[in-house]
Amino acid sequence: MSTDGGMTWSPARRLVTSPFFNVSTLVRNPPVNLTDGGLAIPIYHELAGKFAEILFVTADGDIRQKVRVTWGRDALQPSLVPISESHAAVFMRYAGDPPMRMLFATTGDAGRTFDQPRSLDLPNADNSVAATRRGTEFWIVYNSSETGRGELSVAIHEDARRVARIYDLESGEGGV
């Protein structure tokens, strides 16, 4: 932790998130600052299952709570996007059987519970997803290939009925 804007740092401290020696708790996307000074860190577990979680850490760096976004074997690498103090969306990599589609879930109670993840009509061939919010729209960077990792694209998502790829970063096709 730093109290002077990153000029100096306290000694590193390990966050133990699992009774199994912290095996296979991983982080892919950035944390979200909370109004109380703490963090919500999107994490995932990839041992004896694949599931997305949110780790809530206090301003002092102590683990407050860990909440599962998904249960099972096919969702990982969550990207957490705040909407308000109590609402957020999570976009996730799908690591299950075809058809390969990006997963999406929401919370309306500040992350205490999440609704059942649902597929978005965006291909996701078992690749990481990054998302942010601009106004009322979610902007998603993802691999738009059905089979590989060669097509990095941007999509806009407003609700489950309207999601569309708008730009291909590799070819420059599309417009913003």
Side-chain angles (χ1 to χ4, degrees), residues 15-34 38-57 63-84 86-133 137-165 169:
L15 292 175
V16 178
T17 63
S18 155
F20 304 109
F21 309 107
N22 245 17
V23 172
S24 204
T25 298
L26 306 165
V27 178
R28 175 70 178 193
N29 284 298
V32 171
N33 291 314
L34 301 174
L39 294 172
I41 305 171
I43 63 174
Y44 63 101
H45 185 82
E46 198 173 4
L47 179 69
K50 295 178 183 177
F51 44 85
E53 300 175 308
I54 306 296
L55 181 66
F56 291 93
V57 178
I63 295 174
R64 183 175 66 206
Q65 181 181 18
K66 182 168 68 168
V67 177
R68 286 236 176 124
V69 178
T70 63
W71 297 80
R73 301 183 174 278
D74 56 12
L76 55 136
Q77 298 178 336
S79 182
L80 178 64
V81 183
I83 299 169
S84 70
S86 59
H87 289 78
V90 179
F91 296 85
M92 295 162 281
R93 168 183 172 177
Y94 177 75
D97 295 325
M100 307 297 267
R101 292 290 181 255
M102 185 185 310
L103 296 175
F104 172 76
T106 58
T107 180
D109 58 10
R112 285 187 288 281
T113 62
F114 287 84
D115 60 9
Q116 181 70 28
R118 55 198 175 276
S119 295
L120 291 177
D121 192 23
L122 292 174
N124 181 248
D126 196 9
N127 295 289
S128 182
V129 174
T132 191
R133 194 163 167 253
E137 300 170 326
F138 296 101
W139 287 58
I140 307 160
V141 177
Y142 69 107
N143 186 319
S144 56
S145 172
E146 297 271 355
T147 58
R149 296 187 173 199
E151 297 175 21
L152 193 59
S153 297
V154 177
I156 292 180
H157 169 70
E158 282 188 290
D159 58 45
R161 292 174 304 277
R162 182 171 129 47
V163 60
R165 183 169 90 175
L169 295 166

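Numbering of residues begins at 1 and proceeds along the displayed sequence. The model shown is predicted, which means the values in this text are computed figures rather than measured ones.
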Can you tell me how far apart [atom1] ([X]) and [atom2] ([Y]) are? Round to the nearest 0.5 Å.
X    : Y    : atom1 : atom2 : value
M100 : N127 : CE    : CG    : 8.0 Å
I43  : L26  : CD1   : CG    : 9.0 Å
R68  : I54  : CZ    : CD1   : 12.5 Å
L76  : S128 : CG    : OG    : 8.5 Å
N29  : F91  : CG    : CZ    : 11.5 Å
T70  : K50  : OG1   : NZ    : 11.5 Å

Under 4.5 Å between any side-chain heavy atoms of [X] and [Y], yes or no?
X    : Y    : answer
P78  : V69  : no
V129 : M92  : no
R101 : Y94  : no
L103 : S119 : yes

Heavy-atom pair of closest approach, residues [X] and [Y]:
X    : Y    : result
P82  : A88  : CA-CB, 4.1 Å
P117 : A105 : CA-CB, 4.1 Å
G111 : V67  : O-CG1, 3.3 Å
F56  : A40  : CE2-CB, 3.9 Å
P42  : V27  : O-CG1, 3.9 Å

Side chain to side chain donor-acceptor pair (under 3.5 Å) against D121, all qualifying residues, sequence neighbours excluded: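 With neighbours one apart ignored, the set is empty.
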
Plane angle bin for H157 and F104 - parallel if under 30°, tilted between 30 and 60°, otherwise perpendicular: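 If you compare the ring of F104 with that of H157, the planes turn out perpendicular.
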
Going by the rule side chain to side chain contact (heavy atoms under 4.5 Å, CB included), which residues pair with [X] if we only count those two or more places apart in sequence or in a different chain?
X    : result
S145 : N143, T147, E151
I63  : L15, T17, L55
P31  : L39, I41

Contacts of type salt bridge (charged side-chain N to carboxylate O under 4.0 Å, His left out), residue R64, not counting sequence neighbours: D36

With sequence neighbours excluded, residues passing salt bridge (charged side-chain N to carboxylate O under 4.0 Å, His left out) with R112: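 Scan of R112 (salt bridge (charged side-chain N to carboxylate O under 4.0 Å, His left out), adjacent residues dropped) gives none.
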
Step-by-step side-chain contact (heavy atoms from CB on, under 4.5 Å) determination, V81 to W139: CA-CA 10 Å; V81 183; W139 287 58; over 6 Å; no

